[in-house]
Each structure stands twice: as structure tokens, then as C-alpha cells.
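Letters go in sequence order (proteins before strands), and every chain restarts at 1. Only heavy atoms go into these numbers, but all of them, side chains included; no hydrogens, no water, no symmetry mates. Quantities reported herein were computed from a predicted structural model and do not represent experimental measurements.
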Number of protein chains: 2
Amino acid sequence: MASDHTRSAILAAAERLYADRGFGDVTLRDIVAEAGVNLAAVNYHFGSKDELIAELFVTRSIATNRERLRELKAAEEDGGGRAPIEVILRALVGPTLRGCLGPENQRSTAARFMIRASIESVPPIRRIKNREIDHLRKFAGAMRRSLPDRSDVDIYWGLNFALAMAHHTIRESERLTKLSEGKCDLDDVEDVVARVVSVATMALTAGKAEAKAPARALARDAR
Amino acid sequence: MASDHTRSAILAAAERLYADRGFGDVTLRDIVAEAGVNLAAVNYHFGSKDELIAELFVTRSIATNRERLRELKAAEEDGGGRAPIEVILRALVGPTLRGCLGPENQRSTAARFMIRASIESVPPIRRIKNREIDHLRKFAGAMRRSLPDRSDVDIYWGLNFALAMAHHTIRESERLTKLSEGKCDLDDVEDVVARVVSVATMALTAGKAEAKAPARALARDAR
DNA sequence: TTGCAATTCAAACAGTTGTATGAAACTATC
DNA sequence: GATAGTTTCATACAACTGTTTGAATTGCAA
């Protein structure tokens with residue numbers, strides 16, 4: 001408790017290495033070498049390798065979640081308990097996108113770590129992600145208040161698609177850049193946020209009956 | 001060459017195990033035990049563990065890609081070289097969704113394997129996915145022909161979002177079911193396809209100038 | 001049958017992994 | 001400055017990994 005030096009040196013080194021090389025091929029020995037501490041230090045301070053990874057991920061994701069809720073709460077207070085759907089969606093995907101995209105050379109270690117965490121799915125992180133449901137429910141609630149005419153099903157699908165676009169864009173940002181030959185500028189984070197929010201809003205506010213019927217009418221049977 | 005028996009027994013056993021337990025904790029010894037063959041057989045027939053995984057994944061994904069292109073080609077021929085955007089999008093996301101969703105108890109081993117492959121990202125599979133760009137370009141081309149007024153940037157973003165919604169829904173289908181308390185029915189695959197296609201279509205056909213500007217106007221600065 | 005190649009097999013190999021141990025070094029309190 | 005508690009360290013451990021080897025077996029052609 002006196003000197004957290006070793007502890008935080010390990011955290012920093014681990015985050016850096018995982019960010020750069022992924023979870024797959026970073027061993028405890030790599031981490032302690034980078035941190036300049038003894039091999040046994042990890043198990044002494046964190047219990048196990050998985051608990052180290054979990055602590056890293058938890059720290060970063062509660063920070064993001066706090067930021068999300070802060071934006072959400074501010075928006076609902078502004079609107080007297082009811083926020084515009086665009087603002088809610090912005091609070092949902094904005095912090096994550098801002099945290100993970102942007103010019104690569106000025107991307108923080110934390111950001112690069114979180115990208116890794118969303119690309120490579122490793123057991124301790126997956127366990128934590130599964131507990132994120134309560135957090136998402138708060139957004140579902142706000143969305144329901146914002147769009148009282150919408151059915152729950154539509155709300156959940158809208159939420160799902162918003163997260164889908166944000167996370168997939170982060171995960172596959174490299175591929176999108178390559179595919180579009182650089183025409184899609186992933187460094188312009190606010191543009192990305194605007195695009196995601198805009199599409200998610202359309203998904204949530206489009207004419208209710210139309211959503212299913214016409215799409216179905218276009219169904220073609222596979223020969 | 002004479003008897004592929006061992007070879008295909010390995011492929012089948014590996015696919016089954018990976019589908020059930022993920023890539024993380026299935027060893028060669030697990031596979032050969034399940035297949036009832038000798039440990040050395042994997043290296044004899046496939047060269048290495050990674051090449052075995054790669055062969056599994058390639059087989060399944062060329063099947064999906066072929067199906068996609070078949071639908072796309074049929075649609076474009078129907079329309080004299082220009083297909084409606086909904087049909088193109090349906091050809092893009094339909095085969096994947098149909099292959100991976102649907103009632104769990106009647107989900108094929110192949111489907112469960114592909115879900116795993118999209119959740120756990122393992123090196124040999126990632127290498128293959130990176131070569132999928134050429135395939136996606138064909139869809140970008142068809143979309144451009146279908147929406148000649150749209151800019152390339154918008155086309156690529158629409159493509160990206162369509163894939164995002166499809167893949168994320170597959171990856172997180174369990175979470176969406178839990179979050180919505182079963183209200184979102186992921187077993188009704190055609191409904192899922194219709195929802196994805198509908199939203200992606202809106203993303204691609206919404207008023208051009210509006211896409212960016214109004215969303216930006218709603219931007220709030222963090223206090 | 002004989003000969004030759006393809007396949008199977010048991011066994012060992014070589015390397016790496018996360019973790020545990022017990023002694024040494026340190027730190028702060030009295 | 002002795003003591004008790006914390007932290008560091010070198011080292012060993014035990015298990016597991018994918019891969020290789022070389023001999024046995026099989027299948028097929030001449």
C-alpha cells in the first residue's frame with residue numbers, strides 16, 4: 001500500500017504491450033520485462049494474469065461508461081426528463097468513438113488498448129462485457145422516454161444497431177480505410193459520430209409500419 | 001489421396017469442437033481424440049494447426065461468398081445491370097445472417113463455427129478476412145450502379161454500416177436477447193434481415209446534404 | 001508375392017506458459 | 001536499532017502446447 005510503484009508500472013507496461021501487440025502474444029515475462037519488475041510481481045499484486053487484464057479493462061470501461069452517463073444525464077435534465085433521441089445516441093456512441101478513433105499517431109495507449117479489447121475477445125474481458133447489460137438498460141430507458149410511441153422491440157433494435165455501427169467501425173476501421181482507398185476519413189471523429197447517430201436516428205424514427213412490410217415485399221426466394 | 005477418411009474426420013471433429021468450445025481451449029489432442037485418429041495425423045494432413053483452422057474457415061466463407069455473389073448477379077441481371085439497393089443489401093447480409101442465426105437447436109455445426117469465428121478473432125482467420133476486400137468491392141460497385149447520385153464516400157459508409165449491423169447482431173445475439181428480455185426474436189431470421197436491410201437502405205438513400213449538417217447542429221460540448 | 005509408396009502410430013521433443021516457493025531486501029513502528 | 005509486516009527476487013515447478021521422428025502398418029501395382 002505504501003509504494004504502488006510496481007503495481008502501476010505493471011499496469012502501464014501491460015496496457016502498452018497489449019495495445020501494440022494484442023493479447024495473443026504478450027506473456028507475463030514480456031510485461032515484467034517492459035515494466036522492469038520481477039516475474040512474481042504480477043501474481044503478488046494482481047493474483048493472476050487474467051485479473052490483471054480484467055483490472056485494465058474495467059478501469060477503462062468504467063471511465064467510458066461514466067462519461068456516457070454524464071452526457072445522458074445532462075441531456076435529460078436539459079429537456080426536463082426527456083432528451084432528443086439524437087442526443088441520447090450521441091451520448092451512447094460518442095465517448096467510445098472519440099476514445100478509439102482519431103489520428104493514429106495521437107491515439108492514446110488507453111484508446112489502442114480498448115480497440116484491441118474489442119477486436120480480440122479474450123475470456124476475462126468477455127466476462128466483464130456480459131455485465132454491461134444494466135448499463136445499457138439505462139439508455140434503453142432514456143430512449144423509451146424520448147420516443148414513447150415506439151415499441152420496446154424497436155427501441156432495443158435501434159440500440160443494438162447504434163452500438164453495432166460504432167463498434168464495427170472501430171474494429172474494422174483499417175479495412176474501411178483500405179476498402180474506400182482513404183476516401184472515408186476515420187480521423188474526423190465528429191463526422192463518424194454524426195454519421196452513426198444520424199443513421200441510428202433514422203432507424204428509430206422511420207414510419208413504424210413501413211419498417212418491416214416493404215422490406216419483406218422485396219424478399220426473393222433463392223432458386 | 002486414396003482414403004480421405006482421416007482427413008475429413010479431423011475436419012468434422014475440429015469444426016464441432018471449435019463450434020462448441022471456441023478456439024481458445026481446444027487443443028490438437030482434443031481434436032484427434034474426438035476424431036479417433038492419431039495426434040500426428042493433423043500435421044501430416046494439414047501441415048499445422050493454423051492451416052487446419054484456415055481450411056475450415058476458408059471452406060465455409062467461400063461458400064457464403066459464392067451465395068452472396070449468386071444473389072447479387074441474379075439481381076443485377078433481373079434489372080438489366082442495375083439492381084434495387086434493397087436487393088443488393090439483402091444479397092450482402094442475407095446469406096451470413098441466415099447462416100448464423102435461427103433457432104439454436106437446429107443451428108448447423110457450420111453455423112456455430114462461423115459464429116465462433118466472428119466472436120473470437122484468431123490469427124489464421126484474421127489473415128483470411130483481410131483478403132475479403134476484393135469481394136466487398138464487387139458489392140460497392142453494384143451499389144454505385146444502383147445509386148449513381150451517391151458519392152463514393154456515402155456508398156462505403158453504407159456498406160460498412162450494413163455489415164456492422166449484420167455482424168454485430170450475430171456476435172451479440174445472446175446479449176440482445178437478454179437485454180430485450182426475449183422481446184427481440186433472433187430466431188426470426190427473415191425479420192432480422194429485413195430490419196438490417198431497411199436501416200441500411202435508409203442510410204444510403206436519405207437526403208444527401210442532411211446526413212451531416214443537422215446531426216452536427218445537435219452537437220453538445222462536454223462541460 | 002514382392003516392392004514401394006502412402007499412411008498411421010507411439011513416443012519423445014523442445015519450447016513456452018502461468019504460477020508457487022522460500023529466502024532476501026526493504027520499510028516503518030515502537 | 002530490533003522487530004514485524006510488506007514487498008521483491010531468483011528460481012523451480014508442473015503442466016501443456018504444437019511439432020517431429022522413425023518405426024510399424026497398410027494399400028496398391030507390377
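Residue Tyr44(B) contributes atom OH, which lies 12 Å from atom C1' of dT26(D) at whole-angstrom precision. Put simply, CG on Asn43(A) is 14 Å from P on dT17(C), counting in whole angstrom units. The distance between atom NE2 of His5(A) and atom C1' of dT27(C), rounded to the nearest whole Å, is 16 Å. Per the geometry, CZ belonging to Arg7(A) stands 16 Å off C1' belonging to dT8(D), to the nearest Å. Separating the CZ atom of Arg29(B) from the P atom of dC9(C) is a distance of 15 Å, rounded to the nearest angstrom. Taking atom CG of residue Asp4(B) and atom P of nucleotide dT26(D), one finds them 20 Å apart after rounding to whole Å. Leu28(A) places its CG atom 9 Å from the C1' atom of dT19(C), with the value rounded to the nearest Å.
Inter-residue side-chain proximity for Arg90(B) and Glu86(B) is flagged as unmet; no heavy-atom pair is nearer than 4.5 Å. With contacts defined as side-chain heavy-atom distances shorter than 4.5 Å, the pair Ile53(A)/Tyr18(A) qualifies.
Nearest nucleotide to the His45(B) side chain, out of dT7(D), dT20(D), dT8(C): dT8(C). Counting only heavy atoms from C-beta on, Leu39(A) has its side chain closest to dT19(C) among dT19(C), dT8(C), dT8(D). Distances from the side chain of Thr6(B) to the nucleotides dT8(D), dT19(C), dT8(C) place dT8(C) closest.
The side chain of Asn38(A) places an N or O atom within less than 4.0 Å of a non-bridging phosphate oxygen (OP1 or OP2) of dA10(D).
Residue contacts for Ala41(A): at a heavy-atom cut-off of 4.0 Å it reaches no nucleic acid atom on any strand shown.
Along DNA chain C, the nucleotide closest to Thr27(A) and the one closest to Ala40(A) are compared, and the more 5′ of them pairs with Thr27(A).
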Next on the checklist: salt bridge (Lys or Arg N to Asp or Glu O under 4.0 Å) for Arg66(B) and Glu71(B)? Distances and angles first, verdict last.
Outcome noted: CA-CA 9 Å; Arg66(B) 186 166 28 212; Glu71(B) 284 190 27; over 6 Å; no
Item to check | Criterion side chain to side chain contact (heavy atoms under 4.5 Å, CB included) on Glu181(B) and Arg137(A), from CA distance to verdict | outcome: CA-CA 11 Å; Glu181(B) 289 162 324; Arg137(A) 268 191 226 287; 4.2 Å; yes
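Near-neighbour residues of DNA chain D inside residues 46-59 of chain B, defined by a heavy atom below 4.0 Å, number-ordered: Ser48(B), Lys49(B).
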Side-chain donor-acceptor pairs under 3.5 Å in residues 110-124 of chain A, sequence neighbours left out?
unit_1	atom_1	unit_2	atom_2	d
Arg112(A)	NH2	Asp20(A)	OD1	2.2
Arg116(A)	NE	Ala19(A)	O	3.2
Arg116(A)	NH2	Asp20(A)	O	3.0
Ser118(A)	OG	Ile115(A)	O	3.0
Glu120(A)	OE1	Phe23(A)	N	3.1
Glu120(A)	OE1	Gly24(A)	N	3.1
Glu120(A)	OE2	Phe23(A)	N	3.4
Ser121(A)	OG	Arg126(A)	NE	2.9

Give every donor-acceptor pair under 3.5 Å between a side-chain atom in residues 158-170 of chain B and any protein atom, sequence neighbours left out.
unit_1	atom_1	unit_2	atom_2	d
Asn160(B)	ND2	Thr169(A)	OG1	3.1
Thr169(B)	OG1	Asn160(A)	ND2	3.1
Thr169(B)	OG1	Met165(B)	O	2.6

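Checking side-chain atoms of Thr177(B) against main-chain N and O of Gly182(B) turns up no donor-acceptor pair under 3.5 Å.
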